Amino acid sequence: EIVLTQSPGTLSLSPGERATLSCRASQAVSSPYVAWSQQKPGQPPRLVIFAASRRATGIPDRFSGSGSGTDFTLTITRLDPEDFAVYHCHHYAGSRVTFGGGTKVEI
Amino acid sequence: QVQLVQSGTEVKKPGASVKVSCKASGYNFASNAIHWVRQAPGHGLEWMGWIHTGNGNTRYSQKVQDRVTISRDRVASTVYMELSRLRSEDTAVYYCMREGLGYYFDFWGQGTLVTVSS
């Protein structure tokens with residue numbers, strides 16, 4: 001079973017700064033199966049990045065995803081106040097889904 | 001527009017069962033699988049299982065496979081998640097989510113809080 005480890009657990013930054021979030025898999029996975037979602041308090045998650053690097057509909061270009069093998073990264077350049085939230089990575093393959101523990105981006 | 005609307009808050013006693021519904025609209029119900037995840041207070045997301053809304057095939061996580069049943073009603077465009085033998089650790093917000101045209105989830109229900117307490 002693949003385990004996803006997200007780091008850091010919490011990222012304390014200011015608006016305008018750059019955020020770099022990590023998602024590490026316990027074994028090599030294929031990029032098409034990795035995605036990122038954003039969750040604000042009291043709301044369901046919202047898709048941000050799919051297939052490791054493709055932005056979902058309506059997601060601003062300050063969000064980007066990269067990575068391969070075991071290491072994947074979500075980068076937010078120039079944090080906007082609306083970007084402060086929890087970010088989850090997930091892997092979906094073989095009819096099973098695994099989520100990472102999440103990274104909270106706080107002001 | 002695509003919408004997933006879930007049933008309301010539930011409060012159950014340990015040992016009971018709960019059945020949460022997820023009504024889909026705005027697209028061809030049979031063309032996208034529906035998954036269920038849950039989120040315990042202050043915790044991350046835990047995948048529970050999915051259903052192929054076309055043929056009804058299901059797959060469950062090992063953790064809950066002996067207690068969960070996911071079903072669908074194609075006429076009503078609704079997916080159900082039933083969890084039995086509830087315990088306090090099952091207290092969580094339960095979400096349904098639609099599988100997109102790839103290995104990701106593009107629409108989510110609003111969430112259903114299930115509280116298990118004696």
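In what follows, chains carry the letters A, B, and so on, assigned in the order in which the sequence lines appear, proteins first and then strands, with residues in each chain numbered from 1. Given the structure is predicted, the values throughout are model-derived calculations rather than measurements.
Side-chain N/O atoms of B/Q110 and B/Y95 include no donor and acceptor closer than 3.5 Å. A donor atom on one side chain and an acceptor atom on the other are found under 3.5 Å apart for B/T112 and B/Q6.
Contact annotation for A/Q39: only side-chain heavy atoms (C-beta onward) come within less than 4.5 Å of a heavy atom of chain B. Of the atoms belonging to B/V93, not a single heavy atom falls under 4.5 Å from chain A. Residue contact with chain A, scored on non-hydrogen atoms closer than 4.5 Å, is absent for B/M48.
Comparing B/W50, B/F105, B/Y60, B/F107 by how many heavy-atom pairs each has under 4.5 Å with chain A, the most go to B/F105. Contact count against chain B (heavy-atom pairs under 4.5 Å) is highest for A/V97 among A/L47, A/T98, A/V97. Ranked by non-hydrogen atom pairs under 4.5 Å with chain A, the options B/Q62, B/Q39, B/H35, B/R59 are led by B/R59. Ranked by heavy-atom pairs under 4.5 Å with chain B, the list A/A35, A/P45, A/G100 is led by A/P45. Ranked by heavy-atom pairs under 4.5 Å with chain B, the list A/H90, A/R46, A/H91 is led by A/H90.
In this pair, A/F63 and A/Y87 present their aromatic rings tilted. The plane angle is within the 30 to 60° band.
A heavy-atom distance below 4.5 Å is not found between the side chains of A/I59 and A/I49.
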Problem set entry | Trace of the side chain to side chain donor-acceptor pair (under 3.5 Å) decision for A/S12 with A/E106 | CA-CA 5 Å; A/S12 298; A/E106 65 174 22; 2.7 Å; yes

Exercise. Does the salt bridge (Lys or Arg N to Asp or Glu O under 4.0 Å) test come out yes or no for B/E46 and B/K63, once each step is laid out?
Worked result: CA-CA 10 Å; B/E46 178 188 6; B/K63 183 176 179 181; 3.4 Å; yes

